[in-house]
Amino acid sequence: MKNTTSYTSEALFIEGGRALKGRVRVSGSKNASLPILMASLLSKETSAIENVPELLDTATAFELLRSLGAVLEFEKGRVLVDASSVNNHRAPDEVVRRMRASVLVMGPLLARFGRATVSMPGGCSIGVRSIDQHLKVFEKGGASIEVKHGYINLEVERIRPVEYTFEVITVTGTENALMFLSGCEKRSILRNIALEPEVMDLVEVLRKMGVEVEIEDRTALIRGIAETKGFFHRVIPDRIEAGTLMVAGFLTGGDVLLEDVRVEHMGSVIEKLKEAGAEVDILSLGSLRVKGGGVVKPLSISTAEYPGFPTDMQAQFMVLCSLADGISEIRENIFENRFQHVAELQRMGADIHVRDRVALVRGVDRLYGAEVYSTDLRASAGLVLAGLVAKGRTVVKDIHHLDRGYEKLEEKLRALGATIERLPPKDA
Ligand code: EPZ
């Protein structure tokens with residue numbers, strides 16, 4: 001009889017205290033790959049996408065596309081998608097629960113087939129994460145929306161041109177709207193759009209498909225076409241993985257060279273790292289070097305939409321602030337519950353006090369290894385960083401969260417000198 005505390009997922013074992021040294025290649029962006037994979041649904045022609053990371057989330061996206069009837073091949077980061085025979089327009093609850101970015105099928109399915117049925121994404125551990133803005137754009141474009149038995153049923157005869165100002169800056173909301181309006185041959189205007197590099201990478205793809213997209217500040221003009229073309233595209237590097245590796249190099253007092261980054265996407269993170277005392281050398285637009293070893297200075301961080309400081313780097317910088325020489329303030333403005341990593345870091349000796357959306361972090365001399373639990377993707381990355389610098393041994397559990405968004409992270413860290421290995425699932 002399996003007892004109730006058996007771990008359903010693997011864990012990472014880390015022995016802290018090793019300085020990371022060497023060079024590492026950053027993988028393709030998860031948050032650019034997902035919308036671009038869904039965009040392939042727009043066309044009857046085959047599309048080829050390169051630099052797609054091998055993750056739980058991209059595997060889920062392949063599974064979802066196949067369940068809709070697309071034919072996919074994936075090998076060494078390259079995906080070939082033939083969506084010509086898509087004949088199903090339903091994203092089931094089991095898939096949406098696993099990956100809420102599954103909602104990104106709504107835009108392309110409505111644009112090409114005029115219908116989509118998607119399980120209403122539940123909340124997740126970092127917040128409610130509603131999709132009201134996505135639905136408002138569809139409604140403005142003439143779609144009928146009915147929510148029944150936990151599913152959103154959308155239908156549209158002919159997409160009408162839309163003029164809409166997002167009430168909230170939303171990354172996937174902007175992406176869904178852009179793909180939806182690719183199916184309208186008249187010109188639409190979207191205001192207050194998200195400008196994340198991942199959104200801009202999708203815009204590049206839509207342009208390759210024949211969609212007209214002009215962007216000025218936070219306003220986009222879109223004019224779709226009747227038959228979108230297949231595309232070839234190489235996905236941008238993952239700026240959050242890059243930022244995570246930079247914090248690791250700095251905190252361990254190491255010297256790490258990152259290759260295949262997009263320095264222009266990393267402004268706010270590089271500035272904050274330098275403020276904390278890191279030595280960051282931009283070697284080219286595609287590579288940079290980060291060194292640590294000195295005192296970690298306290299920071300004041302306030303997460304914001306791009307180009308502001310990314311919420312997806314908040315947990316990683318909280319670990320950095322936990323070891324700073326002074327008191328730091330971290331304000332999480334994007335999600336209402338993205339401090340799940342605090343309790344786990346406190347178990348490692350961090351001195352953090354949270355009130356509402358602000359965490360006050362009083363730096364301590366060192367963190368101590370412990371058994372800690374991942375709660376969400378970026379929290380688990382933060383716990384790995386903490387394990388790398390803590391005194392003694394750390395076991396980070398439930399790392400399926402980590403595997404959703406980091407490609408071979410422990411192999412990359414081990415190659416840089418970390419003592420880290422994956423422990424198999426075990427019955428306690
Ligand atoms: C994207 O999520 C990313 N995911 C997230 O990365 C990232 O944290 C987030 O953007 C913010 O940058 C992908 O791109 C797949 P939002 P998304 O819509 O699009 C509210 C990771 O770690 N909102 O920009 O879901 C919402 O509740 C993941 O890789 C509405 O109120 O985020 C949130 O508070 C985690 N109504 C805020 O806006 C809506 O219709 C920003 O959400 C949509 C959003």
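Atoms within a ligand are numbered from 1 in the order they appear, just like the ligands themselves.
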For the atom pair [atom1] ([X]) and [atom2] ([Y]), what is the distance rounded to the nearest 0.5 Å?
{"X": "E139", "Y": "L154", "atom1": "CD", "atom2": "CG", "answer": "9.0 Å"}
{"X": "L360", "Y": "S328", "atom1": "CG", "atom2": "OG", "answer": "9.0 Å"}
{"X": "I193", "Y": "E216", "atom1": "CD1", "atom2": "CD", "answer": "11.0 Å"}
{"X": "N31", "Y": "E241", "atom1": "CG", "atom2": "CD", "answer": "12.0 Å"}
{"X": "D93", "Y": "S102", "atom1": "CG", "atom2": "OG", "answer": "10.0 Å"}

Which of the ligand 1 atoms, numbered from 1, are nearer than 4.0 Å to a heavy atom of [X]:
{"X": "K30", "result": "21 (C), 29 (O)"}
{"X": "I131", "result": "39 (C), 40 (O)"}
{"X": "H134", "result": "40 (O)"}

Please confirm whether [X] approaches ligand 1 to less than 4.0 Å, judged on its heavy atoms.
{"X": "H401", "result": "no"}
{"X": "E198", "result": "no"}
{"X": "G173", "result": "no"}

Below a 4.0 angstrom heavy-atom separation, can you tell me which part of [X], side chain or backbone, both or neither, approaches ligand 1?
{"X": "K136", "result": "neither"}
{"X": "L135", "result": "neither"}
{"X": "Q133", "result": "both"}
{"X": "L377", "result": "side chain"}

Nearest-neighbour protein heavy atom for [atom], which is reported as residue plus atom name and distance:
{"atom": "atom 9 (C) of ligand 1", "result": "F335 CZ, 3.9 Å"}
{"atom": "atom 11 (C) of ligand 1", "result": "T311 CG2, 3.8 Å"}
{"atom": "atom 37 (C) of ligand 1", "result": "I334 O, 3.9 Å"}
{"atom": "atom 35 (C) of ligand 1", "result": "R338 NH2, 3.7 Å"}
{"atom": "atom 24 (O) of ligand 1", "result": "V171 N, 2.9 Å"}
{"atom": "atom 2 (O) of ligand 1", "result": "R129 NH2, 3.3 Å"}
{"atom": "atom 18 (O) of ligand 1", "result": "T170 OG1, 2.7 Å"}
{"atom": "atom 22 (O) of ligand 1", "result": "R378 NE, 2.9 Å"}

Practice task
Measure from NZ or CZ of R218 to the centre of the six-membered ring of F166 and say whether it is under 6.0 Å with the direction within 45° of the ring axis.
Solution key: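 Not satisfied by the 6.0 Å and 45° rule.
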Between [X] and [Y], is any pair of side-chain heavy atoms under 4.5 Å apart?
{"X": "V319", "Y": "L251", "value": "yes"}
{"X": "E421", "Y": "R414", "value": "yes"}
{"X": "E94", "Y": "E63", "value": "yes"}

Has ligand 1 got any nitrogen or oxygen that is less than 3.5 angstrom from a nitrogen or oxygen of [X]?
{"X": "D312", "answer": "yes"}
{"X": "L34", "answer": "no"}
{"X": "N31", "answer": "yes"}
{"X": "S130", "answer": "yes"}
{"X": "T172", "answer": "yes"}
{"X": "E175", "answer": "no"}

Can you confirm whether the side chains of [X] and [Y] place a donor and an acceptor under 3.5 Å from each other?
{"X": "Q133", "Y": "Y164", "value": "yes"}
{"X": "S67", "Y": "N88", "value": "no"}
{"X": "K412", "Y": "S27", "value": "yes"}

Problem - Option from R23, R289, R25 for which salt bridge (Lys or Arg N to Asp or Glu O under 4.0 Å) with E259 holds - result: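 When R23, R289, R25 are each tested with E259, the salt bridge (Lys or Arg N to Asp or Glu O under 4.0 Å) holds only for R23.
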Handout entry: Among E214, E185, E212, salt bridge (Lys or Arg N to Asp or Glu O under 4.0 Å) partner for R223
Key =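 So, applying the salt bridge (Lys or Arg N to Asp or Glu O under 4.0 Å) to R223 and each of E214, E185, E212, only E212 qualifies.
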Practice task
Kindly identify the option in V199, L104, V168 whose heavy atom sits closest to atom 20 (C) of ligand 1.
Solution key: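 Considering heavy atoms of V199, L104, V168, the nearest to atom 20 (C) of ligand 1 sits in V168.
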Handout entry: Residue pair M106, M179: steps toward the side chain to side chain contact (heavy atoms under 4.5 Å, CB included) verdict
Key = CA-CA 9 Å; M106 291 193 285; M179 293 190 280; over 6 Å; no
